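Shown next, in structure tokens, is the structure this report addresses.
Note that the coordinates shown come from a computational prediction; the quantities given were computed from them, not determined experimentally. Here is the naming used below: chain letters follow the sequence lines, and residue numbers restart at 1 for every chain.
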Amino acid sequence: MGWHSIYIHIPYCESKCNYCDFLSFPLVEAVVSPQDYVELLKQEMVKWPALTSPGSLYVGGGTPTVLPAELLADLIYSVCAYFNLRPDAEITVEANPGTVDFAYLQKLKEAGCNRVSLGAQSFCDAELAAMGRTHRAKQIYEAVEAAHLVGFDNVSLDLIYGLPGQLLEGWQKNLQQALALDVEHLSLYGLSLSSKSPWGKLKKEGRLTIADSDLSADMLALAREILPKAGYLPYEIANFAKAGYASRHNTAYWHRQDYLGLGVAAASCRGNCRWQNKTNLGFYAQALLAGLRPPSEIEALDAATVLAEAVFLGLRLAEGIDPVEIELLYGQDMELVYAQELAHLQLVGLLQKENGRWRLTERGIFLGNVVFQYFLP
Amino acid sequence: MALVQERIRNFCIIAHIDHGKSTLADRLLEYTGALSAREMETQVLDNMDLERERGITIKLKAVRLQYKADDGETYVLNLIDTPGHVDFNYEVSRSLAACEGALLVVDAAQGIEAQTLANVYLAVDSNLEIIPVINKIDLPAADPEGTRAQIEEVIGLPANDAILCSAKTGQGTKEILEAIVKRIPAPKGDKEAPLAALIFDSHFDAYKGAVPNIRVMDGCIKKGTQALIMGTNKTFEVIEVGVATPGVKIVESLEAGEVGFFTASIKTVSDTQVGDTVTELKQPVAMALPGYRKAVSMVYCGLYPVEASQYEELKEALEKLQMNDSALSYEAETSVALGFGFRCGFLGLLHMEIVKERLEREYDLVLITTAPSVNYRVTLTNGSVIQVDNPTKLPSATEVAGIEEPYVKATIMVPSDYIGNIMELAQDRRGTFLNMEYITPTRVMLFYDLPLSEIIFDFFDQLKSRTKGYASFNYELVGNKLADLMKLDIMVNSDVVDALSCIVHKDKAYNRGRVLVEKLRSIIPRQLFDIPIQAAIGNKIIARETVKALRKDVLEKCYGGDITRKRKLLEKQKEGKKRMKQVGSVEIPQEAFMAVLEIK
């Protein structure tokens, strides 16, 4: 068996956004230079078996495109070569508008990248400024145009809804502007703040209000109404794509495929094991320099947890889950194990079974967490 | 060798919380060599952790001190400690009855407080010799002369020979000891008379059983005495008698005038209730000592385990606690909403909080407390009379002819600037103004009749916050009064939640109902469907709020494939759900059951 997908974490960004609690540092503060970091990634990579060819590579962050184009291209090239990625593999790079131009994107394309995911977040300059983003709406247009000129035919935009002060009308405008760009894929995230982010702290102190769950529900409902009409299908709770453009990489997570994460804090999954690399850049570097692999600890999940994961991850997808497939993969009959839970969730209208597959109902999609909890051991 | 009564002095210390009673006791122990300064754990007399944390004395004890006075004689001084909270008034009166004198400790900076006053009156009633002591004279804000004048004006005691001291620095300790010897009379019991000993405290020892602290009035008690406890009419053979110095010291006998304890394999402290009389079976006294009454619960609440599986543990814990606390009563009860639990009776709110904290801390239980209630006397239309300490048990209005509620006479002492605030509060709590006395040109004493139910919630907190902390407060039960009371029911999702019912006055029912449902709406989390929360009196709905159905709760972020993080978040959510109580199809958080307490 080999890796179905490879993830690479680039922990740098231009500056920290107010809502972000991901592991990333402003470039100037980093204890390891990007050049050294890419070398470390290559060292880490060869510690893992290459085996069969992965079908996707995702370079995420942070903002991978704060790296010089040559450095990022070199990294992609090396990873593709070592793991022998399939010729038709999906290779995505996350980019921030304002960090990429025609020349930059061309270098990525030459290295094999065939999908660009742009962190657009909003088309409203005031919202972008409030979030602490370095780009403005104009840069989103420029980045999409450049990507199209270079020949990318698979571009995705990330949008955030429920921003402080944002109303349903404002969100509708953002959606319409995204649709006007005619990209292939859209990811929509309702703003949720952990107490670690600057906004999270303000919210906790009662100095910041974001959309409540009702407005947030209205916003998601609006998107689920507008986007399909424009040809974007909601194939996952937060993701919409034109036919044939669902992200293969993310779908691998929901299918609970094996994937390898490289880089500081990167998460991996193989069979019943999950692990995460050291989350401190210095410790991550130290481990590799000492010749070790950098995971902090490997978690071996018991059969009940594996089954729970397979169910709650699979249910995120519009296609839902086929109990027969689940049984073939995990040796357990989910309809027996979860007989009570499934009956209850069906009764309260959050889950349905159609053509042999279990899926969230429209309401269940909005209340995913309520449903997912039922399957945890 | 038996003591000569002429060289025994039995005394206690009367003081307001924080006026330095425990510190002064420490100084007396230290000065008489009962404990060296190094051995001295500060405030020796408060021996429960909880007491030390809260800075109040819950159970009382007695310590025997040896003091060589200026007249060359060595005296035995028995210091009997008293609790300083209004919940424990009866206990205070019993320990006063064991003494011939009292030190009245007044903070030189704070002056006299209502609590002190109440206890001084008790002491005067018991004919005690009172020695005024003005403490904390080392403080910059100390006003010894003003305090002296206050003692004379307010209490009517001559204070020209009040002793100035600082329990903190030790100044004045010797003068206090001399005054105890010279001014407090020696006990005047008859050694040859039949045994009569007053139980003024009792505690439970895991090896020796209930251990009563006694003051021998007449006669003598020793190993082998067949001790008859008159209130309960039970006899025990005395195994040992002793005194605390403060270390336990076994003695041959305790004779008239002496203070000490005895053990007799007594299984529970309820057999040795405070105020009861110990006599000898073969030659009993004709009459028990005066003043005894059984501990009466004033406040009741339901205690339920959050996890039904902890019911047995809770039962055992209550049994153990009761062995050491005869004022605690409990009986099993069942709530539709909360399952199996206990109806518990307490002396007051503080007592209730202490018991709950001890159960959770010492027995590791997680409990739901229902709102406290008083004991109502209900006359039914068929003429019979029942006692109702649980609102759920109040019969329907058609069967009730009248409800009486317990009333207290409250004494509130406050700087005159705050009279208006106090009157407003008392009126709001259905108080009847009785009287007002100026005790100094700037301090007044207000007397009110108040329903007990109105003061058990947050009355004291309100009193303090409306007077910047200057008010002090004391109360005594004066009996029952007929009132226009009714049961307020709370319905969640159309079902009456019995544990949320309360008995309220007609004039307050509407407001209480409205505020309570608003509060509950903010506490009960949104669930899959709309949840109506209604307040009802009989069949009439008087307030309604709705917890709207939850519309969105879903994790959208992918966290770069960090599924563990997603799973942990879901696990945390699930844990939170587990801590709620499922009532019908609605999940209600624990704090909802106490919500009624937080309503102003």
Under a 4.5 Å cutoff for heavy-atom pairs, which residue among A:Q276, A:R316, A:E309 has the most contacts with chain B?
A:R316
Pick whichever of A:G61, A:S5, A:G368 has the most heavy-atom pairs under 4.5 Å with chain B.
A:G368
Within a radius of less than 6.0 Å around CG of B:D364, do more than 12 heavy atoms belonging to other residues, nucleotides or ligands occur?
no
Does A:E299 offer a backbone N or O that forms a donor-acceptor pair with the side chain of A:R274 under 3.5 Å?
no
Contact part of A:L188 toward chain B, heavy-atom cut-off under 4.5 Å: side chain, backbone, both or neither?
backbone
Residue A:F312 versus chain B: region with a heavy atom under 4.5 Å
side chain
Heavy-atom proximity to chain B below 4.5 Å, by part of A:V348
side chain
Contact winner vs chain B - A:A266, A:A221, A:S268, A:A267, heavy-atom pairs under 4.5 Å
A:A267
Measure distances from B:K577 to the heavy atoms of chain A and classify the residue's part below 4.5 Å as side chain, backbone, both or neither.
side chain
Using heavy-atom distances under 4.5 Å, tell me whether A:I365 contacts chain B through its side chain, its backbone, both, or neither.
backbone
Residue pair B:Q462 / B:D428, side-chain donor-acceptor N/O under 3.5 Å:
no
Would you say A:E236's side chain and A:A238's backbone share a donor-acceptor pair under 3.5 angstrom?
yes
In terms of heavy-atom pairs under 4.5 Å, which option from B:T564, B:L569, B:I563 contacts chain A the most?
B:I563
Against chain B, label A:Y189 side chain, backbone, both or neither, depending on which of its atoms sit under 4.5 Å from a heavy atom there.
both
Segment of A:N239 engaging chain B (4.5 angstrom heavy-atom cut-off):
neither
Residues B:E545 and B:R514 bridged, charged N to O under 4.0 Å
no
When you check the side-chain N and O atoms of A:S216 and B:K552, is any donor under 3.5 Å from an acceptor?
yes
Whether the A:Y374 and A:Q340 side chains hold a donor-acceptor pair (N or O, under 3.5 Å, no angle test) is what I'd like checked.
no
So for A:R256, is it side chain, backbone, both, or neither that comes closer than 4.5 Å to the heavy atoms of chain B?
neither
Side-chain donor-acceptor contact under 3.5 Å, B:Y304 with B:E333
yes
